[in-house]
Participant: 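Sharing a structure with you now.
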Amino acid sequence: MSTSSSPKTPGSSTQPRYFPFSAIVGQEKMKRALLLNLVDPSLGGVLILGEKGTAKSTIVRALSQLLEGLSVVELPIATTEDKLVGSIDVEHALATGELRFAPGILARAHGQILYVDEVNLLEDYLVDILLDVAAMGVNHIEREGISHSHPARFTLVGTMNPEEGHLRPQLLDRFALSVEVRGERSVAARREVLQRRLDYERDPEAFCARYREEEEQLGERLRQARLRLHQLRYSEPLVELVARLGIELQVDGHRSDIMLLKAALATAALEGAEELSPEHVYTAAELVLPHRLRRLPFEERYFAAEDIRQLCERLFAESLNKE
């Protein structure tokens, strides 16, 4: 599916009519990872890895239509430090002689989605800034007589083609979730992708109207999930399962444990559950753990989702048998 710029809404010169999230064919794991971050923004983000033309950008941009007040702020690869963190308002200084701070991309991204396409190609000094701000939740600027700070908490969504390079480990670890995507292999699915894209390009207004009810229902589902999230119950064996996974897989630090429990709770909330189940943990583990692992002991291949699920099932059964 093409990820080119979206056509404008008829009669509007400023508002783009993005391809509806609900109209995306397939890519269920990618969509779930993104929705979990809308349920619990404290997860902090998702890394989407995949070949070109797999609707990565299309899906990310479509998120802005699901919740009122939500926007996707894009960080261009060729941006400068001043554009990212902010700088002195030159026009105001020339007109008044006063120094004033001009907010940058990080200010606009506060409480929103910060989207970086081809994140693996981002300059190292910009990566360092993102890491610092993501860790602190605050952007602090010292510029030629100006000292300014503002909150900068955002959901970082990065997309990349692994064939074009890798991410620094420090940035990779900042993504709570990761997902690999590929083009659809079913003839029927690929035919549907083609048909929907052509319908959209011919008449964006009519096409989006076809999916308006589904979009509204999904938005309401997200709002209810947010309300339900902090009321969910969970048992000690499930918390123990999360802790044992980190030990068994020799994952560095505790971030993966925290993100796994949060992602599992967000999964349960999105599904309308009242209590966390092992299945919610298994499903979340497939998104939280793969990019934090290296290789299976004494083997050359990487952990796959099925490896993680089988390990989760074994550890949970052991926890129950101890009781």
Participant: I need the Ser186 OG to Arg191 CZ distance, nearest 0.5 Å.
Facilitator: 8.0 Å
Participant: Does any part of the side chain of Leu66, heavy atoms only, come nearer than 4.5 Å to the side chain of Glu215, both counted from C-beta?
Facilitator: yes
Participant: With side chains defined as the heavy atoms from C-beta onward, is the minimum distance between Phe207 and Pro20 less than 4.5 Å?
Facilitator: yes
Participant: How far does CD of Glu180 sit from CG of Leu47, to the nearest 0.5 angstrom?
Facilitator: 9.5 Å
Participant: Of all heavy-atom pairs between Ala33 and Val46, which one has the smallest distance, and what is that distance?
Facilitator: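 Taking every non-hydrogen atom into account, CB-CG2, 3.7 Å.
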Participant: Checking salt bridge (charged side-chain N to carboxylate O under 4.0 Å, His left out) for the pair Glu216/Arg212: CA distance, chi angles, key distance, verdict?
Facilitator: CA-CA 6 Å; Glu216 291 174 352; Arg212 187 166 296 132; 5.3 Å; no
Participant: How far apart are the closest heavy atoms of Pro162 and Gly50, and which atoms are they?
Facilitator: CD-N, 3.8 Å
Participant: Can you name the closest pair of heavy atoms from Leu218 and Ser22 and give their distance?
Facilitator: CD2-OG, 4.3 Å
Participant: Please check: side-chain N/O of Lys56 versus main-chain N/O of Gly158, any donor-acceptor pairing under 3.5 Å?
Facilitator: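 Pair absent, no side-chain N/O of Lys56 close to backbone of Gly158.
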Participant: Group every Ile, Leu, Val, Met, Phe, Trp and Tyr by side-chain heavy-atom contacts under 4.5 Å, then state whether Leu198 and Val193 land in the same group.
Facilitator: no
Participant: Can you list every pair that meets side chain to side chain donor-acceptor pair (under 3.5 Å) and has a residue in residues 108-117, with sequence neighbours left out?
Facilitator: Ser57-Tyr115, Ser71-Gln112, Tyr115-Thr159, Asp117-Thr159
Participant: Would you compute the distance between atom CG of Leu261 and atom CG of Leu245 and round it to the nearest 0.5 angstrom?
Facilitator: 11.5 Å
Participant: Quick one: do Leu84 and Ile77 end up in the same hydrophobic cluster if we chain Ile, Leu, Val, Met, Phe, Trp and Tyr together by side-chain heavy atoms under 4.5 Å apart?
Facilitator: yes
Participant: Just distance, no hydrogens or angles: give the donor-acceptor pairs under 3.5 Å from side chains in residues 269-283, sequence neighbours left out.
Facilitator:
from	atom 1	to	atom 2	distance (Å)
Glu271	OE1	His280	NE2	3.0
Ser277	OG	Glu279	N	3.4
Ser277	OG	His280	N	3.3
Ser277	OG	His280	ND1	3.1
Glu279	OE1	Arg309	NH1	3.3
Glu279	OE2	Arg309	NH1	3.1
Glu279	OE2	Arg309	NH2	3.1
His280	ND1	Ser277	N	3.0
Thr283	OG1	Glu279	O	2.9

Participant: Counting N and O atoms only, with roles assigned by atom type, does the side chain of Glu142 sit under 3.5 Å from a partner on the main chain of His148, one being a donor and the other an acceptor?
Facilitator: no
Participant: Angle between ring planes, Phe19 versus Tyr200, binned at 30° and 60°: parallel, tilted or perpendicular?
Facilitator: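 Perpendicular: the ring planes of Phe19 and Tyr200 meet at over 60°.
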Participant: To the nearest 0.5 Å, what is the distance between CE (Met30) and CD1 (Ile24)?
Facilitator: 7.5 Å
Participant: Hydrophobic clustering (ILVMFWY, side-chain heavy atoms < 4.5 Å, transitive) - are Met136 and Ile129 grouped together?
Facilitator: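 No, separate clusters.
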Participant: Can you check whether Leu106 reaches Leu130 side chain to side chain, under 4.5 Å on heavy atoms?
Facilitator: yes
Participant: Taking NZ, NE, NH1 and NH2 as the nitrogens, is one of them in Glu28 or Arg32 under 4.0 Å from a carboxylate oxygen of the other?
Facilitator: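 Not counted as a salt bridge, because no side-chain N and carboxylate O are separated by less than 4.0 Å.
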Participant: Which pairs of donor and acceptor atoms, one on a side chain in residues 163-174, lie under 3.5 Å apart (sequence neighbours left out)?
Facilitator:
from	atom 1	to	atom 2	distance (Å)
Arg168	NH1	Asp124	O	3.4
Arg168	NH1	Asp128	OD1	3.1
Arg168	NH2	Asp128	OD1	2.9
Asp173	OD1	Arg292	NE	3.4
Asp173	OD2	Arg255	NE	2.8
Arg174	NH2	Ala134	O	3.3

Participant: If you look only at pairs with a residue in residues 230-255, which of them pass as a ring pair (Phe, Tyr, Trp, His ring centres under 6.0 Å), with sequence neighbours excluded?
Facilitator: none
Participant: For Asp40 versus Ala266, what's the shortest heavy-atom pair and its separation?
Facilitator: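 In this case the closest contact between Asp40 and Ala266 is CB-CB, 4.3 Å.
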Participant: My understanding is that only residues two or more places apart in sequence, or in another chain, count here; which of them pass side chain to side chain contact (heavy atoms under 4.5 Å, CB included) with Thr79?
Facilitator: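 Scan of Thr79 (side chain to side chain contact (heavy atoms under 4.5 Å, CB included), adjacent residues dropped) gives Leu75, Pro76, Lys83, Ile105, Leu126.
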Participant: Taking the side chain from Arg196 and the backbone from Ala23, do they hold a donor-acceptor pair closer than 3.5 Å?
Facilitator: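 Confirmed, Arg196 side chain pairs with Ala23 backbone.
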Participant: From Arg61 CZ over to Tyr18 OH, what is the distance, rounded to the nearest 0.5 angstrom?
Facilitator: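 Result: 6.5 Å between the selected atoms.
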Participant: Identify the heavy atoms of Ser42 and Met259 that sit nearest to each other, and give their distance.
Facilitator: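 Here Ser42 and Met259 meet closest at O-CE, 4.4 Å.
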Participant: Is atom CZ of Arg182 surrounded by more than 12 heavy atoms (other residues, nucleotides or ligands) closer than 6.0 Å?
Facilitator: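 Count not over threshold, so no.
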Participant: Hey, could you give me the CD1/CG distance between Ile258 and Leu43, rounded to the nearest 0.5 Å?
Facilitator: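 It is 11.5 Å, given to the nearest 0.5 Å.
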Participant: Answer yes or no: is there a donor N or O on one side and an acceptor on the other, between the side chain of Asp203 and the main chain of Asp199, under 3.5 Å?
Facilitator: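 Absent.
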Participant: Please walk me through it: do Phe21 and Gln65 pass side chain to side chain contact (heavy atoms under 4.5 Å, CB included)?
Facilitator: CA-CA 8 Å; Phe21 190 90; Gln65 301 172 118; 5.9 Å; no
Participant: Which heavy atom of Ala284 sits nearest a heavy atom of Thr267, and at what distance?
Facilitator: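 Nearest pair, atom of Ala284 first, then Thr267: CB-OG1, 4.3 Å.
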Participant: Side chains of residues 149-157: which donor-acceptor pairs under 3.5 Å do they make with residues two or more places apart or in other chains?
Facilitator:
from	atom 1	to	atom 2	distance (Å)
Ser149	OG	His140	ND1	2.4
His150	NE2	Asn139	ND2	3.0

Participant: Leu227, Leu38: one ILVMFWY side-chain cluster at the under-4.5 Å cut-off?
Facilitator: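 Different clusters: Leu227 never reaches Leu38 through Ile, Leu, Val, Met, Phe, Trp or Tyr contacts under 4.5 Å.
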Participant: Let me know which of Leu260, Leu36, Leu232 forms a side-chain contact (heavy atoms from CB on, under 4.5 Å) with Leu265.
Facilitator: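 Among the candidates, only Leu232 passes.
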Participant: Is it possible for you to say whether Val239 and Ile247 belong to one hydrophobic cluster, with membership spreading through side-chain heavy-atom contacts below 4.5 Å?
Facilitator: no
Participant: Look at atom CD of Gln217 and say whether more than 12 heavy atoms of other residues, nucleotides or ligands are closer to it than 6.0 Å.
Facilitator: yes
